[in-house]
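In what follows, chains are A, B, ... by sequence order, proteins preceding strands, each numbered from 1.
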Amino acid sequence: MATTLEQPTTSLPGAASEAGETAARERVARILAPTAIALLVLIAWEALVRLQEIPHYILPAPSLVARELVDSWPILWPSLLITVQIATLALLAAVVGGVGLALLCSISKWIELSLFPYAVVLQVTPVVSIAPLILIYVDEPLTAVVLCAWIVAFFPILSNTMLGLASADHNLRDLFELYGAKRWQQLLLLRLPTALPYFLGGLRIAGGLSLIGAVVAEYVAGTAGTGTGLAFRVLEAQYRLNIPRMFAGLFLLAMTGVAIYLLFSALSWLLLHRWHESALGRER
Amino acid sequence: MSLALARAPITATDRARGRAADGPLVRLEAVGKTFANGTVALEGLDLAIGRHEFVSLLGPSGCGKSTALRLIAGLARPTRGRIRFEERLERGDVGFVFQEPTLMPWATVHENVRLPLRLQRIARRTAEAPVREALAMVGLAEFADAYPRELSGGMKMRVSIARALVTRPALLLMDEPFAALDEITRLKLNDDLLALWRAQSWTVVFVTHSVYESVYLSTRIVVMAARPGRIVADIPIDAPWPRDENFRTSDLYNTLCREVSAALRRAMAS
Ligand SMILES: Nc1ncnc2c1ncn2[C@@H]1O[C@H](COP(=O)(O)OP(=O)(O)O)[C@@H](O)[C@H]1O
Ligand SMILES: [Mg+2]
């Protein structure tokens, strides 16, 4: 026989501060541990380059890359802004297109049947192979590059949102029906909130993909493209055998990707932490 | 945590709450339900449920209790026969409580309870009083701003009941609402439900597979058998009110439990 009595699950003050301490320690570890790894790798790398006297056009030392990052900042920073702008535009278009199409599909089975296969085709065709075509047919280079990035970022948002819209609890659907809910009420009060965590998961993936899409498109476009994005700078540095600048550019790209991921994780937490399992801390 | 409502003294209206005192509220006539896959969930179901009755549908799992309840709620259509209500029911005249609390995890307790009113496009301000009242009825007034995940299983079930009560339904349908709860919580909620039922004027149809629970709560127990789902016994429970711990340990309770158990055994053997 079960003997548990009903209790509100708010914890006692003592337990709360203890749990808080554990959480704080975990947060510190989350930052300290990867930082320590990075430092170790950098030191080993620096030592390797110096001891083996590896020439900088083969493998530049981290210190050299850092100096290059500072020196060529006036070139790299505006280029980074352009790449971020491309990725942002592509992501915005992907959100609008993905959520919009997902809504249409949830409203009409016919729309889903007729359009979804093409979304899949778009997704499975490697963007590297479509990019040259797009660059031929679309005159405006910025539009062409954004279009390429959009193609990669669009699908995860579409498929996740569709899954979310279809995942509403069956009993809740019955309840809405019992009280005579209109379609728009069911959409607004049941399907959209159910889909939110799924959408945010898609957004996190699409955020990174939009950056990758932008980089790929810039690479393919080369000098024919916008000609000033960060990926173009990396390519340019490669042509000029300026390997330290290549590393600096790649470093910036990687950091931008991380920043995008963190941004959307924070957004996800902000919207979900009151209720969704994925965002709940486990209290013991 | 106890109910805000004091137990009402026994009055003449209590006696009027006997079996079908003033005509049935809903009548199932030769109702049958066959699902698309060929499963005959119900066959030839005749059942009249009177106003203010507390009817339990008791039977082994798979005998069509949930199906019968969904048919009454209008969430499914009978394949044969028909279901007639005494008078046209408005939206909100029927409340439904599922086995799981079925709350919206993204909404506070208050918002969850307000849902039926919101779906009827009743203004937030107008809904305020009924929502508070419903929460007070189930003893959760202080938890209005909590999220479902912050509540225990029993508390979530109370929220679910408050949501069903907020429209002041004439008919309350409950599908094994306490089956997933531990015994202590279940006994407590049984008492609270009885107190509410006696204070309000609803009719309750309560699905359960527990003999003890059904005898404790009901004015009448309808025993069902499976394949196809049908009614095999209809047992009035003429035990006095109020029912409490004394009733639970009384000879009458034991006799009734034995009688109902025997009916259930026959149902399962047939
Ligand atoms: N949607 C459905 N489709 C097909 N068969 C169903 C469906 N719902 C219930 N059934 C079948 O109908 C029978 C009665 O089910 P149910 O009413 O849920 O029984 P109970 O609630 O008494 O356990 C069972 O055999 C079940 O498998
Ligand atoms: Mg059932």
Peer 1: Could you go through residues 92-102 of chain A and list every donor-acceptor pair under 3.5 Å that involves a side-chain atom there, pairing it with any protein atom two or more places apart or in another chain?
Peer 2:
none

Peer 1: Under a 4.0 Å threshold between the charged nitrogen and the carboxylate oxygen, would A/Arg173 count as salt-bridged to A/Glu177?
Peer 2: no
Peer 1: Would you mind checking if B/Arg124 and B/Glu128 are paired as a salt bridge, meaning a charged N to carboxylate O distance below 4.0 Å?
Peer 2: no
Peer 1: Heavy-atom pairs under 4.5 Å with chain B - which of A/Asp169, A/Leu172, A/Asn171 has more of them than the others?
Peer 2: A/Asn171
Peer 1: Looking only at heavy atoms, which of residues 104-115 of chain B get nearer than 4.5 Å to chain A?
Peer 2: B/Met104, B/Pro105, B/Trp106, B/Leu115
Peer 1: Looking at B/Asp93 and B/Arg168, is there a salt bridge between them, counting it only when a charged N and a carboxylate O are closer than 4.0 Å?
Peer 2: no
Peer 1: With a 4.5 angstrom heavy-atom cut-off, is it the side chain or the backbone of B/Glu100 that approaches chain A, or both, or neither?
Peer 2: side chain
Peer 1: What is the minimum heavy-atom distance between A/Leu158 and A/Ala119, and which atoms define it?
Peer 2: CD2-CB, 3.5 Å
Peer 1: For the residue pair B/Arg27 and B/Phe85, would you count it as a cation-pi contact if the rule is NZ or CZ under 6.0 angstrom from the ring centre and within 45 degrees of the ring axis?
Peer 2: no
Peer 1: Inspect the contact between B/Asp192 and B/Arg158 and indicate whether a charged nitrogen and a carboxylate oxygen are less than 4.0 angstrom apart.
Peer 2: yes
Peer 1: In residues 207-215 of chain B, which residues are in contact with chain A at a heavy-atom separation under 4.5 Å?
Peer 2: none
Peer 1: About how many Å separate CD of A/Gln123 and CD1 of A/Ile151, when rounded to the nearest 0.5 Å?
Peer 2: 10.5 Å
Peer 1: Going by side chain to side chain donor-acceptor pair (under 3.5 Å), name the pairs with one or both residues in residues 179-190 of chain A, residues two or more places apart or in two chains.
Peer 2: A/Gln186-A/Arg191
Peer 1: Hey, what's the ring geometry for B/Tyr253 with B/Phe247, parallel, tilted or perpendicular (30° and 60° as the breaks)?
Peer 2: perpendicular
Peer 1: Which answer fits A/Leu189, side chain, backbone, both or neither, if we ask what part of it has an atom under 4.5 Å from a heavy atom of chain B?
Peer 2: both
Peer 1: Check each atom of B/Arg163 against the heavy atoms of chain A and say whether the ones under 4.5 Å are side chain, backbone, both or neither.
Peer 2: both
Peer 1: May I ask you to check whether B/Tyr147 and A/Trp275 place their ring centres under 6.0 Å from each other?
Peer 2: no
Peer 1: Using non-hydrogen atoms only, which part of A/Asp174 is less than 4.5 Å away from chain B: side chain, backbone, both, or neither?
Peer 2: both
Peer 1: Between B/Phe96 and B/Phe98, is the gap from one ring center to the other below 6.0 Å?
Peer 2: yes
